[in-house]
> 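One structure follows; several queries about it will come next.
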Amino acid sequence: MKVSEIRATFFDYFKAKGHEIQPSALMVVKNDPTLMFTNAGMNQFKDYFLGNTDPKSKRIANSQKCLRVSGKHNDLEEVGVDTYHHTMFEMLGNWSFGDYFKKEAIDWAWELLTEVYKLDKSRLYVTVFEGDKIDGTKEDMEAISFWSKHINSEEIIKCSKKDNFWEMGDVGPCGPCSEIHMDIRSDYERSKVKGRDLVNKDHPQVIEIWNLVFMEYLRKADRSLVPLPQKHVDTGMGLERLAVALQGKKSNYDIDLFQSLIKKTEELSKIKYGANPKTDIALRIVSDHVRAISFSIADGQLPSNTGAGYVIRRILRRAVRYGYQVLEIKEPFMFDIAITLVEQMGEAYPELTNQKSLIEKVIKEEEKSFFRTLEQGIKKINLTINSHKEKKQEKMSSLHVFELYDTYGFPIDLTSLIAKENNIEIDIEGFQKLLEEQKQRSRKASEIDTSDWIAICDQKATQFVGYDTSSTETKILRYRKVNTPKKDYFQLVLDKTPFYPEGGGQVGDTGFFEIENEKIKIFNTKKENELILHYASSLPKNLSKKGIAIVDEKRRKKISANHSATHLLHHALRKVLGEHVEQKGSLVNERYLRFDFSHFSKMKEEELQQVQELVLEQINNGVPLTEHREIPLNEAKKMGAMALFGEKYGEKVRAIQFGNSIELCGGIHVSSTSSIGMFTILSEGAVAAGVRRIEAISGMEAEKYFIGKAKIVDEVCKTLKTQKDIVKTIETILSKNHELQKQIEELNKEKIQLLKNTLTKKITQINGINFLGAQVHLPNSSIKDLLFQLKNQNDNFFAVIGNSENEKCGISIIISDNLVKEKQLNASDLVKAVSHYINGGGGGQSFFATAGGRKKEGLKKAIEEIRKTIQES
RNA sequence: GGGGAUGUAGCUCAGCUGGCUAGAGCGCUUGACUGGCAGUCAAGAGGUCGUGGGUUCGACUCCCAUCUUCUCCA
């Protein structure tokens, strides 16, 4: 049975049991600050479990793309080492939201596995929760009794909270679970060791395939458990692992899906899978990681140096590292394997095919940039090693090792290898300690302590009225306190709200909540799944009274102008550059707009000009906004609405239309393009391979920008005393200036020559020293020049020159090198000793020193003093 | 979000504790040697020392702020 058939069978089975089949959510999570990637099938249903919104259907089944790279479930560094962990995997799941519970979940799971998929019953084991004293939970007798109907009670294994109690996070819905494990070892091995003794023991061939979670509790912030008003079922079955069992393979990497990737990697590296355990690990890592990265890119997450993008970069770099070191591929190769992946999986996942060229280009560019990083690191480590060799040190300190890793991104195993080749030990333990310290620091800085929700009023959904109004009468439904290292604030959920929560690139609204003459400041609005959270720095005294929520309208006006301008810009770019232009990211706030889009070369001056003119034309035309609210997705697509890459839409969508520009969008817009007023592009540049970024401003901000520019031009005109051909005038002035400067230099040289001659005449012999003491009027730089020339032309030379220019004055002393040595003269000390005469200070080197001050009258005395010193020496 | 590094000539970089007339290599221009090229030699052009403040007689160097790029952690 192929992977695609296994998936279809699963859907058919649960469809027959009254489940609605839902598509996979995006792997990259939006609107949930606690999560970067979908790491379990339940993520997209979180709101149902939390009771924030009602489910569309009480029974749902799906297959979810998941990514696990850190945390308790999986660690990136372990993937590929064994044969059954992945960064990305697919999770089959069936769900009950307050509908069926343990009995049906268990019966159906058993029936599907043994009757439909026809797995060998004697190879299956189940685990149940044994209870926990601290939580006060009991053994899951219900589950045991339902299982007993299908399976011998000896094969039912009781497990602790660690393995069989599932929690969403620190707080939230949770409950006992029951897992089905499968033993895929050979009969011979099975006869030697019983399968049930290997369950939950990390054996590569006795593996968990299905986890049935029975959600019946809510974990509160004080760690206590309270029963949920409704009980839910959440199950998850690893598609890859199921395929191993059904295809009679020994490892996840043997199934059809991975074989072609491994084969391609074998071709590129000329290393066979199975030849050596070390290279096998590398081959597995490459094939696993290339899949995770490609899907992430297809879902809209490009590699970057922060947040979710950084996780993707890390995965890619890990694969490149193994390819580079273990498979000895010294040039970009991952992009090539990604092509194979797209060809092979593109049919089941159209998003891969759609983004094929992006995936290829982005991966290739990332690989190149990693090689650059490695090169820098190699330079750095060579410097360190050389200095160690010079100093005959045999151990590299943890600080050095950590610096290489932390600052230069140089992989620790490469450091270790290179050090070993040079017979230098490295302090790995110290390094681990430093890394742990850095982790602690980061955790502390981002520590937020969220209290439980406190309900004021038992009512569910927030109604968003922001499209029609900017203020409304409303009341607080619930609130909670959030403590962060920097400040404490409150999150409010309102009954009705005009506040737009951050999303679709548009920043959240700010404003006030007025209640009984009290004005509570709302400094931000965000979305957590379906909830709109108003960030307030304080709480009103009276929480249960009605109040008025008022959005800062001035700010919103600027934001909406920028947002509408973004749509016009998008449309203009497609017109000028072509239909390949697609939005890859967007930021809209009150100050400016930033728009990332796919395009493969730098935009030309004329193109930018054209785009800007098109946008301005639309603004001048005063195109009215046509808002299509709550229309079916299909209808919107028929209208030609642009859907955004990396965005998931429901069945009903909102489309924003300005003339020919139609986009699916949930943001706030101006009622007519004429209110945008003004628009100008500030910059165009690259952000990633094949992705360009434009920054622009609109409205008053743009007007201010132009007024500022005009003012500068005005001033320039006034200064130049001309109105026409300013550029030409300036060019002439510049070239003239250049010429004049050269002339001045020439003249200065002559002047110095003259001065040199007069000064040379003033040289007197004192104690066998050619002494010069004089006062001049010259800028400092010329004095230096003059003195160095004199020094070169006279032996046994000693000069002290006082110079004055405007209010400032200075003393310079220069001494021939041989005098410095023979007579132990020190210009720095000498100049310091006399600098008080001019109310200043100074210093320098032994052969040349300067001092500055403001009292010219002292110059004469200072020079005399130096002369005396020389006479007496 | 937090930490570290980075920004100096067209490119790659050096410039230690404040004062070395801002430097090296490559590249560029001109000239010489050679039949021509490669090459060698010589001369030369090219720098707001990321930006804005501050400390100081004096800042590429120290302090503060800000931006760029890289990197690690969350």
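The chains referred to below are lettered A, B, ... by the order of the sequence lines, with proteins before strands, and numbering in each begins at 1. All of these numbers come straight from a predicted model, not from anything done at the bench.
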> Choosing from B/C73, B/C20, B/G4, which nucleotide comes nearest the side chain of A/Ser442?
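Given the options B/C73, B/C20, B/G4, the side chain of A/Ser442 is closest to B/C73.
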> Does the gap between the ring centers of A/Phe771 and A/Phe797 come in under 6.0 Å?
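Not under 6.0 Å, so no.
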> Counting only side-chain N and O atoms of A/Tyr310, is one of them less than 4.0 Å from OP1 or OP2 of B/C72?
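Looking at the OP1 and OP2 atoms of B/C72, one of them is under 4.0 Å from a side-chain N or O of A/Tyr310.
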> If each of A/Phe410 and A/Gln376 is mapped to the nucleotide of RNA chain B with the nearest heavy atom, which maps nearer the 5' terminus, i.e. the 5' end?
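Nearer the 5' end of the strand: A/Gln376.
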> For the aromatic rings, using the six-membered ring if either is Trp, is the centroid distance between A/Tyr324 and A/Phe370 under 6.0 Å?
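Centroid separation for A/Tyr324 and A/Phe370: 6.0 Å or greater.
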> In whole Å, measure the gap between the P atoms of B/G4 and B/U40 for me.
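Per the computed distance, 46 Å lies between those P atoms.
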> Find the partner of B/A74: check Watson-Crick (N1-N3 plus N6-O4 or O6-N4) and G-U wobble (N1-O2, O6-N3) distances, both under 3.5 Å, and reply none if neither fits.
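Answer to the pairing question: none, since B/A74 forms no Watson-Crick or G-U pair.
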> A/Lys379 side chain: which of B/C13, B/G3, B/U71 is closest?
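The listed nucleotide nearest to A/Lys379's side chain is B/C13.
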> Can you measure A/Gln438 atom CD to B/A74 atom P for me and round it to whole angstrom units?
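Whole-Å distance recorded here is 8 Å.
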> Side chain of A/Thr407: nearest nucleotide among B/G3, B/U21, B/G4?
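Out of B/G3, B/U21, B/G4, the nucleotide with an atom closest to A/Thr407's side chain is B/G4.
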> Need one value for A/Gly409: base, sugar-phosphate or nothing, where a base atom within 4.0 Å counts as base even if backbone is also close, heavy atoms only.
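Sugar-phosphate, no base atom in range.
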> Could you tell me how far B/C28 sits from B/A74 if I compare only their C1' atoms? Round to whole Å.
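After rounding to an integer number of Å, I get 48 Å for this pair.
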> Could you give the CG-to-C1' distance, from A/Leu76 to B/C73, as a whole number of Å?
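Whole-Å distance recorded here is 14 Å.
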> Suppose you measure atom P in B/C20 against the same atom in B/U34; what distance do you get, rounded to whole Å?
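Taking atom P in both B/C20 and B/U34, they lie 44 Å apart.
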> I want to verify a distance call: between B/C73, B/U21, B/C20, whose nearest atom is closest to the A/Arg314 side chain?
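Output: B/C73.
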> Give me the distance, rounded to whole Å, that separates B/A38 from B/G31 when you measure between the P atoms they each carry.
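Straight-line distance between the two P atoms is 14 Å.
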> Across all strands shown, which nucleotide pairs with B/A24 by Watson-Crick or G-U wobble geometry, both distances under 3.5 Å?
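B/A24 is paired, partner B/U12.
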> Measure the spacing between NZ of A/Lys380 and OH of A/Tyr408 and express it to the nearest 0.5 Å.
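Here the interatomic distance stands at 4.0 Å.
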> Is a donor from one side chain sitting under 3.5 angstrom from an acceptor on the other, for A/Glu865 and A/Tyr837?
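Yes, A/Tyr837 and A/Glu865 have a side-chain donor paired with an acceptor closer than 3.5 Å.
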> Counting the atoms with a prime plus P, OP1 and OP2 as sugar-phosphate, which does A/Thr373 contact under 4.0 Å by heavy atoms, base, sugar-phosphate, or nothing?
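It contacts sugar-phosphate atoms only.
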> Below 4.0 angstrom from OP1 or OP2 of B/C73, is there any side-chain N or O of A/Tyr405?
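Affirmative; the distance criterion is met.
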> For B/C49, which nucleotide is its Watson-Crick or G-U wobble mate, given both distances must be under 3.5 Å?
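The answer is none; no pair meets the criterion.
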> Partner of B/C62 by Watson-Crick or G-U wobble geometry, both contacts under 3.5 Å, or none?
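WC or wobble partner is B/G54.
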> Expressed as a whole number of Å, how far does the P atom of B/C49 sit from that of B/C62?
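Those two atoms are separated by 15 Å.
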> Between B/G1 atom P and A/Asn524 atom CG, what is the distance in whole Å?
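One finds 12 Å between P of B/G1 and CG of A/Asn524, rounded.
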> If the P atom of B/U51 is compared with that of B/U68, how far apart are they to the nearest Å?
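It works out to 15 Å between them.
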> Distance between the C1' atoms of B/U69 and B/U8, in whole angstroms?
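B/U69 and B/U8 have their C1' atoms separated by 16 Å.
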> With respect to the side chain of A/Asp406, which nucleotide from B/U71, B/C72, B/G19 is positioned closest?
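Output: B/C72.
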> Are the aromatic rings of A/Phe490 and A/Tyr535 close, with centres under 6.0 Å apart?
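No, ring centres 6.0 Å or more apart.
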> On RNA chain B, compare the nucleotides closest to A/Gly852 and A/Glu403; which residue's is nearer the 5' end?
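Its nucleotide being nearer the 5' end, the pick is A/Glu403.
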> Between A/Arg313 and A/Glu366 (salt bridge meaning N to carboxylate O under 4.0 Å), is one present in this structure?
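Salt bridge: yes.
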> Please report the distance separating the P of B/A59 from the corresponding atom of B/C72, rounded so that it comes out in whole Å.
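The same atom, P, in both gives a distance of 38 Å.
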> CD1 of A/Ile801 versus C1' of B/U21: gap in Å, rounded?
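Distance check: A/Ile801 CD1 to B/U21 C1' gives 16 Å.
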> If pairing requires Watson-Crick or G-U wobble contacts with both distances under 3.5 Å, which nucleotide is the partner of B/G39?
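Base-paired to B/C33.
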> Going by an N to O cut-off under 4.0 Å, is there a salt bridge joining A/Arg318 and A/Glu77?
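Salt bridge: yes.
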> Does B/U71 have its OP1 or OP2 closer than 4.0 Å to a side-chain nitrogen or oxygen of A/Arg317?
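True: A/Arg317 side-chain N/O within range (under 4.0 Å) of B/U71 OP1/OP2.
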